[in-house]
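Accompanying notes for the structure given below.
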Amino acid sequence: MTDFAPLSAASVPLQAGNATLDFLLRRMRHKSDFPALSDSVARIQRVANSEDDSISDLTHEILKDVALTNKLLRLVNSVHYAHASRGSISTVSRAVSLVGFNAVRNMALSLVLLDHMQDKQHASQMREEFLRAMMAGSVAAELCSTVQAAEEAFIGAMFQNLGRMLCEFYFPEEARQVRSLVASGQVEGGEEAASLQVLGLGFEDLGVGVARVWGLPESLQRCMRKPMGSPMMRSPEQGVERLRWAARAANEMASALVVTEPDALEARLAQIAAAYARPLALSVEAVNEATLRARRKLVALAEALDLRVDAGSPAARLLKLPQAAQGATAQDDALSPLELKPSEAKPLPALLASQAGGAVSVAQVNEVLAAGIQDITNAMVESFQLNDVLRMILETMFRALGFRRMVFCLREARTDQLTGRFGLGEGSEAVVRAMKVPLNVPGDLFTAVCLRGADTLINDATEPRISARLPRWYVEGVNAPSFLLLPLQMKGQPFALIYADQAVPGGIVVDDKALGLLRTLRNQAVMAFRQAG
């Protein structure tokens with residue numbers, strides 16, 4: 001299966017002769033938040049998908065956006081992913097570990113589109129477009145036999161709708177004209193021909209053109225172009241071509257759900273299944289079952305994201321299950337009260353005021369810390385990767401206490417010093433490089449704290465008695481006015497350090513309960529090292 005590997009550049013110059021696309025892009029750049037949307041998509045897509053560090057990079061990118069973080073965690077705690085967690089997930093790192101890197105990245109890209117493409121004037125139409133795209137992605141994923149193929153098919157099918165979504169949001173008047181032309185039957189060739197007549201460019205060319213400017217992978221751009229002609233009588237080889245047919249079939253299913261009258265819907269879906277069974281190398285029954293699974297998942301997704309639609313609207317049709325499926329669901333639900341499981345996770349609280357722009361109570365801080373501890377405990381009773389647990393610990397502290405940046409340091413036997421390994425937050429990359437705590441230099445505040453194993457909060461590092469003990473490497477490379485040190489020891493010897501800071505003196509406030517929870521998290525890190533051997 002071909003990977004959707006990112007292009008080298010985040011922005012690609014438009015080809016000569018594409019004057020219409022260039023004109024539409026100029027219009028989009030001057031409206032709403034297209035530059036911010038472009039930047040968000042490009043940053044998430046640029047994260048590599050092969051190196052272990054990419055998990056930290058993806059987590060880092062998602063955590064920069066408070067709304068995105070909370071929506072994503074609500075989504076992975078929905079019924080859709082219940083089989084993966086069997087409990088609540090409170091960290092992005094844990095979500096990546098359980099659900100998979102590419103699946104979380106796809107969710108983040110989807111949620112970025114949802115977050116940016118909202119407009120009160122035509123909110124219901126945008127919700128319809130988003131749900132339609134998500135339905136197509138979900139159907140395409142269910143039509144695939146492997147996890148990797150499913151993840152690629154999801155994003156390919158969803159992004160086949162990109163041109164229509166962009167037009168609906170940035171050019172609503174033109175979008176209405178396209179819908180009117182299609183409904184009237186005045187244009188042969190359907191939606192593509194209508195958009196070409198109204199915009200001077202087909203929806204497909206608009207979507208692919210923007211994808212190219214965003215630096216989305218060439219393989220994804222190919223998947224965004226629907227294969228031409230009637231469905232093939234044989235299945236193409238595995239790869240992008242197979243994904244294109246899965247994406248086209250999924251989008252036909254999604255469109256049928258939107259436009260077909262309820263009494264004719266099941267017959268229309270069966271007709272589409274019969275047409276695409278051969279190119280997908282599936283039976284008609286398997287295509288129908290995959291579509292039903294996707295419909296159930298979309299209902300769960302809409303509930304998790306609180307996406308409300310008007311009763312009787314086309315969007316409402318996307319969230320209506322067939323009568324037989326509703327009966328089966330009700331039968332399954334009768335067993336739910338008998339299942340032993342954690343109490344339903346409450347919506348996760350917002351981050352601290354420094355990140356979310358509003359007051360956050362001590363109880364909310366402690367709630368995030370406690371949820372993270374439970375998340376990490378769940379991870380550690382399974383076979384776990386040490387790096388995954390350490391990332392979860394840092395992320396829990398970062399989200400709960402709204403630190404500016406955090407770094408995890410580990411002892412190097414060769415140099416006998418603690419060096420930065422990975423971090424979170426604003427400018428954390430530079431701090432990771434700067435952190436070099438010697439374990440054999442008397443008078444160094446960091447050394448003294450680590451050797452004593454004493455959790456230490458420096459509220460105001462500008463005070464003379466404190467600043468006199470700050471080492472040169474710290475003053476020159478970091479120099480935060482307020483910071484927290486949580487050293488890790490085994491057999492009385494320091495081997496690691498958790499560092500966190502804030503941009504203003506007194507910026508870190510930790511009450512007794514929060515301190516106890518932070519120490520529990522620190523101790524979980526020590527335990528993880530012991531279990532990892």
Side-chain angles (χ1 to χ4, degrees), residues 56 59-70 91-92 348-369 372 391 393-409 418 420 422-437 444-450 454-487 497-519 521-522:
S56 288
T59 302
H60 196 169
E61 287 301 335
I62 292 170
L63 287 172
K64 286 178 181 177
D65 186 328
V66 176
L68 175 61
T69 299
N70 288 333
T91 60
V92 177
L348 290 157
L351 303 191
L352 269 178
S354 61
Q355 289 175 285
V360 175
S361 70
V362 170
Q364 287 176 319
V365 170
N366 293 335
E367 185 183 338
V368 176
L369 290 171
R391 271 191 291 266
I393 289 167
L394 246 67
E395 183 188 335
T396 298
M397 295 178 178
F398 179 78
R399 293 187 65 241
L401 287 156
F403 294 120
R404 177 173 57 159
R405 55 202 176 187
M406 295 190 69
V407 172
F408 187 86
C409 305
L418 302 174
F422 64 91
L424 282 175
E426 173 193 329
S428 58
E429 298 88 351
V431 181
V432 168
R433 291 191 296 271
M435 292 295 285
K436 297 189 188 313
V437 182
D444 183 320
L445 182 146
F446 285 76
T447 305
V449 166
C450 292
D455 302 325
T456 303
L457 173 59
I458 304 298
N459 259 320
D460 188 354
T462 63
E463 287 184 7
R465 65 188 181 86
I466 299 295
S467 60
R469 295 195 64 185
L470 294 177
R472 176 179 290 181
W473 64 263
Y474 183 78
V475 173
E476 293 177 352
V478 186
N479 206 29
S482 177
F483 60 88
L484 174 69
L485 302 176
L486 299 174
L497 171 69
I498 295 173
Y499 167 89
D501 69 26
Q502 265 296 7
V504 294
I508 301 173
V509 179
V510 181
D511 70 356
D512 288 345
K513 181 162 186 186
L515 179 58
L517 294 169
L518 287 172
R519 284 175 171 158
L521 285 163
R522 187 266 317 279

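All values reported here derive from a predicted model rather than from experimental measurement.
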- Query: Taking the side chain from Thr69 and the backbone from Ile62, do they hold a donor-acceptor pair closer than 3.5 Å?
  - Reply: yes
- Using side-chain hydrogen bond (donor to acceptor under 3.5 Å, both in side chains) as the criterion, list what pairs up with Thr91, not counting sequence neighbours. Asp375
- Which residues satisfy the salt bridge (Lys or Arg N to Asp or Glu O under 4.0 Å) test with Asp455, sequence neighbours excluded? Arg519, Arg522
- Rounded to the nearest 0.5 Å, how far apart are CZ of Arg399 and CD of Glu395? 6.5 Å
- Task: Taking all heavy atoms of Phe403 and all of Gln502, pick out the closest pair and write down the distance.
- Result: CA-NE2, 3.9 Å
- Note on the structure: Residue set satisfying ring pair (Phe, Tyr, Trp, His ring centres under 6.0 Å) with Phe446, at least two apart, ordered chain then number -> Trp473, Tyr474, Phe483
Could you give the side-chain donor-acceptor pairs of residues 463-470 under 3.5 Å, partners two or more places apart or in another chain?
| from | atom 1 | to | atom 2 | distance (Å) |
| --- | --- | --- | --- | --- |
| Glu463 | OE1 | Arg465 | NE | 3.4 |
| Ser467 | OG | Glu463 | O | 3.2 |
| Ser467 | OG | Pro464 | O | 3.2 |

- Task: Looking only at non-hydrogen atoms, find the nearest pair between Val407 and Gly420 and report the distance.
- Result: CG1-CA, 3.9 Å
- Query: Which pair of non-hydrogen atoms, one from Val437 and one from Cys450, has the smallest distance, and what is that distance?
  - Reply: CG1-SG, 4.4 Å
- Hey, what do you get for CD1 (Ile458) to CG (Leu485), rounding to the nearest 0.5 Å? 6.5 Å
- How many angstroms lie between CD1 in Ile508 and CZ in Arg404, if you round to the nearest 0.5 Å? 9.5 Å
- Message: Using 0.5 Å steps for rounding, measure from the CZ atom of Arg405 to the CD atom of Glu429.
- Response: 10.5 Å
- How far apart are the C-alpha atoms of Leu518 and Ile498, what are their side-chain angles, what is the distance that settles it, and do they pass the side-chain contact (heavy atoms from CB on, under 4.5 Å) test? CA-CA 10 Å; Leu518 287 172; Ile498 295 173; over 6 Å; no
- Message: Rounded to the nearest 0.5 Å, what separates atom CG in Leu484 from atom CE in Met406?
- Response: 7.5 Å
- Note on the structure: In terms of heavy-atom contacts, Ser482 and Gly507 come closest through OG-N, 3.8 Å
- Message: Filter on side chain to side chain donor-acceptor pair (under 3.5 Å), then keep only pairs touching residues 505-517, sequence neighbours left out; what's left?
- Response: none
- Query: Among Leu418, Leu486, Val478, whose side-chain contact (heavy atoms from CB on, under 4.5 Å) with Tyr499 holds?
  - Reply: Val478
- Measure from the side-chain N and O atoms of Glu476 to the backbone N and O of Ala434, and report whether any donor-acceptor pair falls under 3.5 Å. no
- Task: With rounding to the nearest 0.5 Å, note down the distance linking CG in Leu394 to CG in Leu521.
- Result: 9.5 Å
- Note on the structure: The side-chain hydrogen bond (donor to acceptor under 3.5 Å, both in side chains) partners of Thr456 (sequence neighbours excluded) come to none
- Test side-chain contact (heavy atoms from CB on, under 4.5 Å) applied to Ala67 - qualifying residues, sequence neighbours left out: Asp65, Asp115
- Shortest non-hydrogen contact from Pro471 toward Asp444: CB-OD2, 3.3 Å
